[in-house]
Amino acid sequence: MRRLPRSFFARPGTEVAPELLNKVLVAPGVRGRIVEVEAYMGADDPGSHAHRGPTPRTEVMFGRAGHLYVYFTYGMHWCVNIVCGEVGVASAVLLRAVTPLGGLDVMRVRRPKVRRDVDLCSGPAKLAAAFGFDGAHDGIDALRNGAGVRIIDDGTPSPARPANGVRVGLTHGADLPWRWAVPGVADISRPRP
DNA sequence: CGTTTGATGCTCT
DNA sequence: GAGCATCAAACGG
């Protein structure tokens with residue numbers, strides 16, 4: 001059980017993402033194993049919010065590694081990224097799915113319509129809701145226990161051969177194979193890579 | 001099963 | 001005004 005050092009995140013998101021698989025995400029009262037992620041970059045990534053440079057929304061993506069970039073989309077959903085790379089360079093990893101490890105009762109209260117536990121956190125907006133993430137978490141430092149958030153290595157190695165494929169829900173940059181998942185787990189989002 | 005569609009409001013041009 | 005790093009319900013086979 002150890003917290004990941006900032007140096008782990010101070011690299012391009014494309015390097016960090018596959019190694020983030022099987023790490024443990026912790027928020028007050030809830031815990032889950034990261035099983036699906038996507039990497040986003042900056043100017044060279046047409047699928048990224050940061051593609052056209054910093055804006056009020058995306059400025060944290062250009063900031064310090066280990067902070068959270070939390071954005072609101074489709075008028076109703078929050079999604080959570082961990083900022084990667086050097087200060088001044090946009091990069092982040094979107095958390096797309098986790099396997100619930102603890103606090104399932106809390107998650108069920110936050111997602112009352114969900115019937116099967118496998119659906120609690122099997123998508124970026126699903127896990128954000130189940131973990132209680134919202135705009136108040138944008139910009140917090142996940143490596144300094146900001147808002148009780150932690151990212152932990154419990155000794156489970158990241159998969160030697162992660163499932164890899166294209167990103168989900170994009171109209172630009174959809175060809176880049178920057179999505180990774182733990183092979184064989186049930187609670188990842190569709191389509192499977 | 002698989003595919004389609006409505007919900008709903010922020011962000012940037 | 002257009003588009004959106006989504007979800008769940010409704011529909012069809």
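Chain letters run A, B, ... following the sequence lines, proteins first and then strands; every chain starts at 1.
Salt bridge present: A/D117 and A/R108 bring a charged side-chain N and a carboxylate O closer than 4.0 Å. Of the charged side-chain nitrogens involved, none lies within less than 4.0 Å of a carboxylate oxygen, so that A/K113 and A/D119 do not count as a salt-bridged pair.
Look at CG on A/D134: it is 16 Å from P on B/dG9, rounded to the nearest Å. Atom CE in A/M61 sits roughly 16 Å away from atom P in B/dT11 (whole-Å rounding). Regarding A/D119, its CG atom lies at a distance of 11 Å from the P atom of C/dC7, rounded to whole Å. In this structure, A/I188 places its CD1 atom 16 Å from C1' of C/dT6, rounding to the nearest Å. Rounding to whole angstrom units, NE2 of residue A/H172 and P of B/dT13 are separated by 13 Å. Atom CZ in A/R57 sits roughly 17 Å away from atom P in B/dG9 (whole-Å rounding). Across the protein-nucleic acid pair, A/L170 atom CG and C/dC4 atom C1' stand 10 Å apart, rounded to whole Å. Atom NE2 of A/H49 and atom C1' of B/dT11 are 9 Å apart (whole Å).
Under the Watson-Crick or G-U wobble criterion, with both distances below 3.5 Å, B/dT8 is left unpaired in every strand shown. Both distances falling under 3.5 Å, in either a Watson-Crick or a G-U wobble arrangement, occur for no nucleotide opposite C/dA5.
Relative ring orientation between A/Y71 and A/H49 is described as perpendicular, the plane-to-plane angle rising above 60° on a 0-90° scale split at 30° and 60°.
Look at A/T73 and you won't find any side-chain N or O under 4.0 angstrom from OP1 or OP2 of B/dG9. Residue A/R96 places at least one side-chain N or O closer than 4.0 Å to OP1 or OP2 of C/dT6.
Considering only side-chain atoms of A/V168, the nucleotide from C/dA5, B/dT13, C/dT6 that sits closest is C/dT6. The A/R111 side chain lies nearest to C/dA8 when the options are C/dA5, C/dT6, C/dA8. Taking only side-chain atoms of A/R190, from C-beta outward, the nucleotide of C/dA5, B/dA7, B/dG2 with the closest atom is B/dG2. Checking B/dC12, C/dC4, C/dC7 against every side-chain atom of A/K126, the shortest atom distance belongs to C/dC7. The side chain of A/M76 lies closest to B/dA7 when the candidates are C/dT6, C/dA5, B/dA7.
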Audit row: A/V80, A/H137, side-chain contact (heavy atoms from CB on, under 4.5 Å) steps and yes/no: CA-CA 9 Å; A/V80 180; A/H137 296 81; over 6 Å; no

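Both A/G169 and A/K113 sit near DNA chain C, but only A/G169 has its closest nucleotide nearer the 5' end. Mapping A/V114 and A/Y40 onto DNA chain C by nearest heavy atom places A/Y40 at the nucleotide closer to the 5' end.
When the options A/I151, A/I82, A/V16 are evaluated for a side chain to side chain contact (heavy atoms under 4.5 Å, CB included) with A/L4, the one that passes is A/I151.
Among the atoms of the strands shown, none is found under 4.0 Å from any heavy atom of A/S189. As judged by a 4.0 angstrom heavy-atom cut-off over every strand, A/Y74 is placed among the base-contacting residues. The residue A/R115 sits apart from the nucleic acid: no heavy atom pair falls under 4.0 Å.
Contact of the A/N81 side chain with the A/V60 side chain is not registered, since no non-hydrogen atoms from C-beta on lie closer than 4.5 Å.
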